[in-house]
Amino acid sequence: MTANTIATGPTGSVQRWSRTLIPTAREAPAEAESPSHVLLLRAGYIRKLGAGIYDYLPLAWRVLRKLSEIVRQEMDRAGASELCLPVLLPTELYAGTKRDVDYGDLLFKVTDRKGSVAALGPTHEEPVTELVRGSINSYKQLPLNLYQIQTKFRDEARPRSGLLRCREFIMKDAYSFHLALEGPGGLNETYDRMYQAYVNVFSRCGLDFTVVEAESGPIGGSASHEFMVNCASGEDTILKCPVSGYAANVEKCEIGARTAGTFTEPPTGEWTEVHTPGLPGIHEVGKFMKVKPDRMLKTIVFQVTGKVGGALSPDDPTWILATVRGDHDVNEGKVKAASGYTVALANEVAARAAGFAIGYVSPRCVNTVPGTMLLIDPDASHGGFWATGADKPDHHAKHFNWRRDVGAKLDQPRYVKLADLRNAMEGDPSPRAEGAKLVTGRGIEVGHIFKLGTKYSDAMGLSILDDKQQKRSVIMGCYGIGVSRTMAACVEMSHDENGIVWPMGLAPYQVLITMMKPDDPEQQRITGEVAERLAARGVDVLIDDRDERPGVKFKDADLIGIPIRLTMGDKALAAGAVEFKKRTAKDKGELAPLADVADWVIEAIRDAGVAEAKR
RNA sequence: CGGGGCGUAGCGCAGCUUGGUAGCGCGUUUGGUUCGGGACCAAAAGGUCGGAGGUUCAAAUCCUCUCGCCCCGACCA
């Protein structure tokens, strides 16, 4: 983007190190492991107050302000309006959506003096829907797009990696409201604008990111994209097609056409049972039986919980078996799509009672347990040697053969279906380009946008009359950015062995002036002059005026990661110059004449802004 | 929630097995010498050893309970 959007205001600010709080440390607390956690602690950006609860010190807060400002500009440009909703949400709000139950322990709850229970907002679909329901009277007031930037609370089972997964964190959340999906003012139009706004935000932050198709998850809805910072230490696995550009979250990723078996291949030998007592997983069993996992069948038992787009009838199955190759993972979403039923992993007790030897199930159960549908992944459908569970505790079997051991039901689509059932993996065929193979990468989810549809408006009674006086449920979208997580992701992605390397757009200050002799009046005068000149041109300047040895100052400078360092030293000043060094530069820097130094800085900021926006 | 581990000075750690008046490094303060990539000398401040209970003449150390934190997994708009 442009240079003028990088500074926080028309006039930059000047701060002296000795008068603010930047407690750098040579060593990080032992509990910190991930780079962003270690560096943000060591560089004096954050302090831990409890598990997943952090202080944001002045440097961190400046980064968060800059990030928030970028977010605001892009949200406003996309037509959204900022507001601020309560953090304290009375649980009655959840009466329609039941999400206080769905969220379970994730929800922080507080009790007031009267005994009323409120939740600390983990996200704001309910309050914003409630707000709009009570304040919109006409379809003419749609579309509407509202956002806020505030602290969210989620009692994560396991907070980790510092700011990457917190119990208290800063989030930008936006919610849009529409009468229609398509056309002007429809959800799709806003969704596309928000998508572009997100691309703009993360580009301006200098982040290297991938947009992936994602499952909409428990929040419901029909379509969603995640914005992932590409980073090997990320928690999420993403898959990309290098040819078509298709990218998806591992839960969502489709797999291209694969060849399936015909169920006519001959057996490789007699059904041979093997006693395999007390072996915990497929790898252990395989080792014990001397069979590789990709020659074993894994059959998972699901319980039918509902029918997609309808009510269950007595004819519908009770159980769904999903058989994949031993080295593959069953994907619940794909099971749902392939079967047409919503499912949950079977309750062990109930499944045992129905006749499944949990842990030792084979596809043969489609014949032996009434009300069972069998789904087979193409990679598991071939002929050749297979090992499988033997349908009795502590036993597996070799030489499973589809035709011989399952038989006629293979030809009845009511009972047996062949379908993509598993998570995609590196090397799988791309679903979008013939011959191309998927590659995997790791990512940190920093943004997520959803088409919610009418899930919340239906649950909470948000409807409106259209121009034909027909009552219509309002269609919604929601759009989140993990603001504090984005800051951490940025450090995770951009650092070296000496410390943080901030992209220009997020750096707490663009310039650090390192005074070699803070007590020297001449250095004080020139430092002040340079700082004022830079500030006047919108640059934020931090002056290291501490009475420390040069080595300490240089180490700290690298640690806190300010993009441009100006060093005030006798040698350079004698030549009428200051030393100019970028954080990314390996060498010692070059001499900038005092008269030109401001121009050098402005130019460097502009170059960085352009380069980062291009990424 | 399952598994593993850790709580001793602001940070990093030792001491615990075999109970006996709490130690090291970094940091901090003071004085001096230094001063372009984490200086040196000297002095000093700083700890109810996570908490409660128990055993004992005596507990950081042994026992019981409890709280907190980290890592792996499960989970996760």
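Keep in mind that what you see is a predicted model, and the values were worked out from it rather than measured. Lettering follows sequence order; numbering is per chain, from 1.
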Side chain of A:V552 - closest among B:rC69, B:rA39, B:rG37:
B:rA39
Please determine if A:K48 forms a cation-pi arrangement with A:Y54, meaning its NZ or CZ atom is less than 6.0 Å from the six-membered ring centre and no more than 45° off the ring axis.
no
Any strand is fair game: report the nucleotide pairing with B:rA58 by Watson-Crick or G-U wobble, both distances under 3.5 Å, or none.
none
So if I take every side-chain heavy atom of A:R158 and compare against B:rG37, B:rC72, B:rC13, which nucleotide ends up nearest?
B:rC72
B:rU61 versus B:rG7 - spacing of their C1' atoms, nearest Å
15 Å
Distance check needed: B:rC26 C1' versus A:R26 CZ, whole Å only.
6 Å
Applying the Watson-Crick and G-U wobble criteria at under 3.5 Å, what pairs with B:rU33? Answer none if nothing qualifies.
B:rA39
Which part of the nucleic acid, if any, lies within contact of A:D558, taking any heavy atom under 4.0 Å across all strands shown: a base, the sugar-phosphate backbone alone, or nothing?
base
Out of A:R99, A:K455, A:R133, which one pairs with A:E126 under the salt bridge (charged side-chain N to carboxylate O under 4.0 Å, His left out) rule?
A:R99
Any donor-acceptor pair under 3.5 Å joining the side chain of A:R42 to the base of B:rG38?
yes
For A:R442 and A:S233, what are the C-alpha separation, side-chain angles and deciding distance, and is it a side chain to side chain donor-acceptor pair (under 3.5 Å)?
CA-CA 7 Å; A:R442 304 284 287 177; A:S233 57; over 6 Å; no
Distance in angstrom units between A:I560 CD1 and B:rG37 P, rounded
19 Å
Minimum-distance nucleotide (side-chain atoms of A:A30 versus B:rG12, B:rG36, B:rC70):
B:rG12
When all nucleic acid strands are considered with a 4.0 Å heavy-atom cut-off, which category describes A:T24: base, sugar-phosphate, or nothing?
nothing
Over 60° means perpendicular and under 30° means parallel, so tell me whether A:Y195 and A:H225 are parallel, tilted or perpendicular.
perpendicular
For the student: nearest non-hydrogen atoms of A:I562 and A:L512, plus distance
CG2-N, 3.5 Å
Between the base of B:rG38 and the side chain of A:E548, is there any donor-acceptor pair under 3.5 Å?
no
If you check the A:A157 side chain, which of B:rG36, B:rG27, B:rA74 turns out closest?
B:rA74
Is A:E579 touching bases, backbone alone, or none of the nucleic acid, heavy atoms closer than 4.0 Å?
base
If we take the C1' atom in both B:rA42 and B:rG54, what is their distance in whole Å?
47 Å
Any strand, both distances under 3.5 Å, Watson-Crick or G-U wobble: B:rC1 pairs with B:rG73
Relative to each other, are the rings of A:W502 and A:Y45 parallel, tilted or perpendicular (30° and 60° limits)?
tilted
Rounded to whole Å, CD of A:E31 lies from C1' of B:rC71 at a distance of 11 Å
Looking across every strand, which nucleic acid part, if any, lies under 4.0 Å from A:D105 by heavy atom: base, sugar-phosphate, or nothing?
nothing
Just the rounded figure in Å: distance from P of B:rG37 to CG of A:D544.
15 Å
Both A:R565 and A:D236 contact RNA chain B. Which one's nearest nucleotide lies toward the 5' end?
A:R565
Using the P atom in both, what is the distance from B:rU66 to B:rC75, to the nearest Å?
28 Å
Is A:K517 touching bases, backbone alone, or none of the nucleic acid, heavy atoms closer than 4.0 Å?
nothing
Quote, to the nearest angstrom, the P distance that separates B:rU28 from B:rC71.
28 Å
When you check the phosphate oxygens OP1 and OP2 of B:rA39, does a side-chain N or O of A:R549 lie under 4.0 Å from one of them?
yes
Separation of atom CD in A:E235 from atom P in B:rC71, rounded to whole Å
11 Å
Could you measure between the two P atoms, the one in B:rG27 and the one in B:rC63, and give it in whole Å?
38 Å
On a plain distance test, is the side chain of A:D570 in donor-acceptor contact with the base of B:rG36 below 3.5 Å?
no
Determine the Euclidean distance between corresponding C1' atoms of B:rU64 and B:rG25; express it in Å to zero decimal places.
36 Å
Please give the nucleotide sitting opposite B:rC24 as a Watson-Crick or G-U wobble pair, both distances under 3.5 Å, or none.
B:rG12
Counting Watson-Crick and G-U wobble pairs only, both distances under 3.5 Å, name the nucleotide matched with B:rU64, or none.
B:rA52
5'-most by nearest nucleotide on RNA chain B - A:G482 or A:M516:
A:M516
When you compare B:rA52 with B:rA60, how far apart are their P atoms, in angstrom units rounded to a whole number?
12 Å
Would you indicate what A:P122 reaches in the nucleic acid, counting non-hydrogen atoms under 4.0 angstrom: base, sugar-phosphate, or nothing?
base
Find out whether A:M194 and A:N145 are in side-chain contact, i.e. whether some heavy atom of one side chain is under 4.5 Å from a heavy atom of the other.
yes
Step by step, would you call A:E92 with A:D100 a side chain to side chain contact (heavy atoms under 4.5 Å, CB included)?
CA-CA 9 Å; A:E92 295 84 71; A:D100 54 335; over 6 Å; no
Compare the minimum distances between each of B:rC72, B:rG12, B:rG38 and the side chain of A:E27, then state the nucleotide with the smallest one.
B:rG12
For atom OH of A:Y103 and atom C1' of B:rC75, their distance in whole Å
14 Å
B:rA58 versus B:rG19 - spacing of their P atoms, nearest Å
15 Å
Value in whole Å for how far the P atom of B:rG37 lies from CG of A:L512:
17 Å
Look at all strands and tell whether A:A557 reaches a base, only sugar-phosphate, or nothing, counting heavy atoms closer than 4.0 Å.
nothing
Nearest-Å distance, NZ (A:K571) to P (B:rC35)?
12 Å
